[in-house]
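Below you'll find the structure, written out as C-alpha cells, and then a few comments.
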Amino acid sequence: MKSWSERDFEYIWHPCSQMKDYETLPPIVIDRGDGIYLYDTDGKRYVDVISSWWCNLLGHCNPVISGAVKKQIDELEHVIFANFSNKRAIELCEKLISVIPSGLKKFNFSDNGSASVECALKMSFQFHRQTGSPQKQRFMALTDAYHGETIGALSVGGCDLYSEIYKPMLMDILRIQAPDCFRCPYEKCRESCGCECFEHAQKMFEKYGKETCALIVEPLLQGSAGMKIYPPLYLKKLRECCDAYNIHLIADEIATGYGRTGKMFAFEHAGVSPDIMCLSKGLTGGYMPMSLTITTQEIYDAFYADYNSGKTFMHSHTYSGNPLACAAANAVLDILSDGTVLDNARENAIYFNKIIKEKFLAHKNVGEVRSIGLINAIELVKNRRNKEPFSPTLRIGYQIYKKALQKGVILRPLGDVIYFNPPLIIGKKDMDFVTDVAFECLKDVLES
Ligand SMILES: *Cc1c(COP(=O)(O)O)cnc(C)c1O
C-alpha cells in the first residue's frame, strides 16, 4: 500500500514549487488542525507559524467559525449573486462598514486575492473612461510589489522571481522605486526618516500622473518581497500625490488586513484612506476562498446609470458572495468585535519581537530583525557590515526550512528572510518554542 505522500506525488502539481524538490522533501499530508497546530498522517505535530500562507487568523478548526459554516451549510450553500443575494453577504457588509477606513462604502465580491486585484484595476480603468479622463490608462506600482498571480495582478507585481518569464504577456507598468529601509540609499532609518526616498515617486507622478488611473500598493509591508517594512509617512505622501493627480490609490490589504500589523488595517497607521481596498486571506480566517474589493461612493456612482449607457461594470465570478465563505467571515468579525484578540496580539507582539531580537540579533549573519504587529522577519546576510547577501544558489532559507520541519515548525522563508507570521492567537510558550527551533536550525545551517 502506498503512503498518502506517495499518492500525492503521483498526481498533484503543488503551487509555487519545484516538484523535483519533492523527491527529497516529500509532501507532508496534514490530517487535522487544532489552534496553531497541524498534525500529519503519522500524528506528528507542526506549529503553523506562517498561518498556512498568511490566511489562518484565529487558529485551525476554530469552534466559532466552524460552527457558523456548519450552520450555514444546511441552509444555503451557494446562490447566483447577480440579481440575487443572501443574508450572510449583507450582514458581512454591515459589519465591515464600521471597521474599514472611512469613505469606503461599496463591496464587490470575488473568490481570491488576485481576483480582487484584477477587479480593482478594471474598476479604476473604467471609472476614468466614464468620468472624462479616458487618457488615464496606466497603472503605477512599486518595485518588489506582490499583488497575485493572474496576468493583471502579476503585471502590477514587481518580484522578478514570479513575473520575469511572463514579461511579454504583461502590461507595461509605471514602476516606482520602493522604499528599502534595510539598505537605505539615504542612510536613514525607518523609525525617524522623512521618507527621502519618496523623491523617486514624486518624479514619477510629475512625469506620468496625467496618464495614470491608479496606483496599487501593499501598505507598510511588502510581504512576498521578504517582509520589507516601510514607514506610514510614505503612504501619506502617496495619498497626497494621488489626490493631486486624480489617481486612485488601491490598498492591497490582502496580507496586511485583519490585525496583522497591530491595527485592523495597515492604512490606519497612516491616518489616510484608500479609494479601493482589496481584502482576502484573513477575511474568512483562512476557512474559505473569498475576497472583497471595497470602494467609495464616488467610484460606484460613476457606474450607476441607465443600462444602455454602457457604464455597467460587466465583471463577475461564479462564486461571488458565497454564503459559506460569508458565514465564516461574519464569525471572524464576531470574534474580533470586542477587541480582546487584537489587544492580546498587540501585547504578545512586544514579547515576540523582544525574544527574537535577544536570540537572533547577535548572530553574525543576521542583517536585520524587523517587525510589525506579530510579523517578525530576520534577514540573513553573508556579511553584516556591508549587508552583502548570500548567493541565492546556496538556498540558505530553504535549508533552514527543511531542518525546522523536522523539528515541527513550519517556517517557509522567503529567500534568505526567515519570518514568523502566526495566527493572532499564538501564546508566549509557542513563541518561545518556535524561536528556539528557528535559531537552532539557523545555527545548524550556517555553522556547519
Ligand atoms: C496573497 C496575496 C495576494 C494574492 O492572493 P491570492 O488569494 O493568492 O490570489 C495579493 N496581494 C497580496 C499582498 C498577497 O499577500
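We use all heavy atoms of the structure for the numbers below, so side chains are in, but hydrogens, waters and symmetry mates are not. Keep in mind it's a predicted model, so treat the numbers as computed, not measured. In each ligand, atom 1 is the first atom listed, and ligand 1 is the first ligand listed.
Each of Trp54, Asn112, Gly113, Ser114, Tyr146, His147, Gly148, Glu218, Asp252, Ile254, Ala255, Lys281 has a non-hydrogen atom positioned under 4.0 Å from some atom of ligand 1.
In this structure, the side chain of Asn330 engages the main chain of Cys326 through a donor-acceptor pair within 3.5 Å. The backbone N or O of Arg370 lies less than 3.5 Å from no partner atom in the side chain of Glu379, so there is not a single donor-acceptor pair. The backbone N or O of Ala302 lies less than 3.5 Å from a partner atom in the side chain of Gln130, making a donor-acceptor pair.
With sequence neighbours excluded, the residues satisfying ring pair (Phe, Tyr, Trp, His ring centres under 6.0 Å) with Tyr22 are His14.
Considering Phe352, Phe433, Trp54 as possible partners of Phe420, the one that fulfils the ring-ring contact (aromatic ring centres under 6.0 Å, His included) test is Phe352.
A salt bridge links Glu91 with Arg88: the distance from a Lys NZ or Arg NE/NH1/NH2 to an Asp or Glu carboxylate oxygen falls below 4.0 Å.
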